[in-house]
Amino acid sequence: MLSLILGSWGGRGHAMPLCAPSPAMQEDSTATLTASTVPTLEREFVPRLEKLVRGRKVPGIAVAVVENGQVSWARGFGMADPERRLPFEIDTPIPLGRWSELPLHLLASDLALRGELELDAPLEDLSPQLRWPELPPPTLRQLLSHHGGLNGGRLHGLYGDPQQPAAGADQERYAARPPGLLESYSLVGLEAALPTLRSALAGAEQTLEHALDEQLRKLYGADCSRPSLSYAVPANLARGHRDRQQLPLMVARNRVALGLHGSLRGAVALFAPLTRTQPDPVWQAIVEVQNADAVLDFDRKLGLGVDLLDSQRAAVGRVVLAFGAAPGYRAEARVALGHRLAVIVLANGNDEEELGDIPGDLLDAVLQARLGIPRREREKPLPDRVDYPSGLSAIAFADRYATPFGRLRVVDRFDDGFDFELFGRGFRAQRREDGWYRLSYRLLGVIPLRFSIINQTLLGSARHGEHELLLAHIYGRTLLLGSTPFGTAVPADFDRWLGSYRLSNPDLLTRSLKVDRIELLREGDDLVLEYRLPTPFLLTFKPRVLLEAADRNHFRVAGLGPLLGEQLRVTQAEGRARLSYAGYLFERSEWGEQFQ
């Protein structure tokens, strides 16, 4: 039987058994961490993790190392609920966010391997609004890998009170872009895939819900006394935190897409099969590249529910990255496929500054201890030359671009570079010989500063067909950020909708993000939507989202890129202008109300 070393607040620890492994997890280990290596890991990471949880941005965290299907080292630190002094242990569950899709993907892959499901046939029975004009409808594989081109879905009520779970609600469903072009997360796409899966299961007189529960039982073992993965809400759920503030308990409305809960024990069961010498064919399907034909994904490789990264260190090889980010939580797994090694981190806080390096550092430490592979360079110099993706070449920067982070506006050009504005903050771009631009942040618009992620980022502009694209090259990968606007400019008569809008149906998600107001503004020829995001650094980011006209009653988020193409509906009711987006309803404030 596998075992875990459990450490609770204050450094106490003892052995605790993992659930009896399912056949998929049983394997003889030939190269696990030696007994002398475990103390080495503990000397490096125990003080670091104990210091992390004392800071309270991340009150609790649990980490595990899995090799060859077995647990080598695992510990929990800090508090699951500081107010009640409940420790964060290996059996402390958290919402797993996008990890929730993995059982669905495993089920779909299993059905496909058995010949009971076709992943690559166009879904001809999709409703007309979900089909891009004059193109074949998306395939089931495209829907499951978020390449279906559909809009994101209803965000309002996505997370709700566990005592009063939010009911499903009507939403506007439409094709936002051609299928197969680029990855863009879509709840609508997942929901559109479910009827096909239900039909495939109907022959066996099995419901989708029952099949998913069976899939979970396969993962954590039939004789596990307490399920470590569940779509049900566990009574001992850890409390999420943001900016040192404890958030109210919230659960996902959409069970299949975001509703899975799990502990470190469950996360080990979920990813241990990827560390076997010969993974089951269903798991091999999960880590096959799904987006080889997605022309705008560029260097990004995707499996089903996971990212696939070819390490810049040849000795490391391909790494599977899996992220979950429910509000106030963090779940991350990294699997070095060639070395049959996984590291897993669960936490009830989501502070990127505090948590961002821990999974990578832990994986590096084990690779170095076991195989002598040197660790990553902390501030690795950018390569002297970066080639543009195949078929693209550098072009001059435009005056503005639409991105998911808001409008990027070039505000001043100068020799060999330019200044630009994003989030309401100033940045500087300096041209390199290969046509890419290095970045720096300008404090107060004057003093250039360098942060680590900015140091590792290059910015570029290239043409694809009729579109001028904004690209970023970061940590060895070229990514699509957005494009110049290409739709219909917002005519002047739309100015009747300008003004400040107050959110009239707040929910747990908007309260946790402290978003309660948006503004529609006209800036020259641009119509923009501005909202404010407070940060823990005493700064307030003000993204300004570039809009274009879709029709007389809709704005569209301008540009070509992930999450772009979403629509906002405007109406007049009871003498007030109203705006709706993804289920959120905003009502324009009268002049006196804007300052209350």
Side-chain angles (χ1 to χ4, degrees), residues 182-183 296-301 307 309-313 319 321 323 325 332 351-353 355-357 359-361 376-389 392-398 400-414 416-443 445 447-462 464 468-484 533 535 537 539 541 543-544 559-564:
L182 59 91
E183 192 268 352
L296 295 185
D297 280 347
F298 301 135
D299 294 336
R300 189 178 180 200
K301 298 181 179 69
D307 279 13
L309 176 65
D310 292 324
S311 174
Q312 295 180 61
R313 293 169 293 166
V319 176
L321 302 179
F323 298 95
E332 183 173 342
D351 187 275
E352 177 64 30
E353 182 183 18
L355 287 168
D357 289 334
D361 289 352
R376 295 163 297 159
E377 296 181 46
R378 280 296 182 181
E379 291 291 334
K380 185 175 181 179
L382 284 164
D384 293 333
R385 180 173 181 80
V386 174
D387 292 326
Y388 275 74
L392 301 183
S393 58
I395 61 173
F397 270 75
R400 70 203 195 286
Y401 294 89
T403 80
F405 320 108
R407 179 190 59 186
L408 183 150
R409 184 177 64 181
V410 174
V411 295
D412 181 36
R413 294 182 184 273
F414 60 94
D416 294 324
F418 55 87
D419 291 344
F420 66 95
E421 180 185 295
L422 185 65
F423 297 127
R425 303 290 164 186
F427 296 83
R428 177 154 292 174
Q430 192 78 24
R431 192 178 189 279
R432 305 187 341 156
E433 290 185 0
D434 60 356
W436 291 88
Y437 287 73
R438 296 196 63 164
L439 305 182
S440 60
Y441 175 62
R442 295 184 300 121
L443 182 65
I447 308 170
L449 297 177
R450 295 192 179 277
F451 299 136
S452 59
I453 191 168
I454 295 177
N455 288 346
Q456 295 298 316
T457 302
L458 297 174
L459 211 59
S461 183
H464 173 73
E468 294 183 22
L469 306 180
L470 179 67
L471 309 178
H473 185 83
I474 180 170
Y475 298 124
R477 292 195 290 179
T478 299
L479 306 174
L480 174 66
L481 294 184
S483 76
T484 57
L533 287 176
T535 75
F537 307 109
L539 296 174
F541 287 139
R544 289 189 168 181
L560 178 65
L563 304 179
L564 301 178

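Residues: numbered from 1 along the sequence shown.
Side-chain contact between Arg438 and Leu382 is present, with at least one heavy-atom pair separated by less than 4.5 Å. At a threshold of 4.5 Å between non-hydrogen side-chain atoms, the residues Asp384 and Arg432 do not count as touching. Using a 4.5 Å heavy-atom threshold, the side chains of Val410 and Arg400 count as separate. Side-chain contact between Tyr388 and Leu471 is present, with heavy atoms from C-beta onward closer than 4.5 Å. Under the 4.5 Å side-chain criterion, counting only non-hydrogen atoms from C-beta, Leu560 is in contact with Leu182. Within the 4.5 Å cutoff, side-chain heavy atoms of Leu459 are placed close to those of Leu470. Under the 4.5 Å side-chain criterion, counting only non-hydrogen atoms from C-beta, Leu296 is in contact with Leu469.
The minimum heavy-atom distance linking Ser461 with Ala396 is given by the pair OG-O, 3.9 Å. Nearest heavy-atom pair, Pro404 versus Pro562, reported as atom, atom and distance to 0.1 Å: CG-O, 2.9 Å. Between Phe298 and Thr478, the shortest heavy-atom distance links the atoms CB-O, 3.4 Å. Across Thr484 and Ala398, no two heavy atoms sit closer than the pair CG2-CB, 3.5 Å. The minimum heavy-atom distance between Arg431 and Gly435, with the atom names listed, is NH2-CA, 3.8 Å. For the residue pair Gly561 and Leu480, the shortest heavy atom distance occurs at CA-CD2, 3.8 Å.
Taken from CG in Asp299 to CD1 in Ile474, the straight-line distance is 12.5 Å, to the nearest 0.5 Å. Atom CG of Leu564 sits about 10.0 Å away from atom CG of Leu481, to the nearest 0.5 Å. For the atom pair CG (Asp419) and CZ (Arg409), the distance works out to 12.0 Å, reported to the nearest 0.5 Å.
Applying the side chain to side chain contact (heavy atoms under 4.5 Å, CB included) criterion to Ala325, with sequence neighbours excluded, gives no partner residue. Residues passing the side-chain hydrogen bond (donor to acceptor under 3.5 Å, both in side chains) test with Glu183 are Arg300, sequence neighbours excluded.
The aromatic rings of Phe418 and Phe397 sit tilted relative to each other, their planes meeting at an angle between 30° and 60°.
A salt bridge is absent between Arg385 and Asp434; no separation between the charged side-chain nitrogens and carboxylate oxygens falls under 4.0 Å. A salt bridge between Asp361 and Arg376 is present, with a side-chain N of the basic residue lying under 4.0 Å from a carboxylate O of the acidic one. In summary, Asp310 and Lys301 engage in a salt bridge, as defined by a charged side-chain N under 4.0 Å from a carboxylate O.
With Trp436 contributing its side chain and Val386 its backbone, the two residues share a donor-acceptor pair below 3.5 Å.
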For Leu408 and Glu421, what are the C-alpha separation, side-chain angles and deciding distance, and is it a side-chain contact (heavy atoms from CB on, under 4.5 Å)?
CA-CA 6 Å; Leu408 183 150; Glu421 180 185 295; over 6 Å; no
Please lay out, stage by stage, how Tyr475 and Thr457 fare under the test side chain to side chain donor-acceptor pair (under 3.5 Å).
CA-CA 7 Å; Tyr475 298 124; Thr457 302; over 6 Å; no
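Screening Phe420, Tyr437, Phe405 against Phe427 for a ring pair (Phe, Tyr, Trp, His ring centres under 6.0 Å) leaves a single residue, Phe420.
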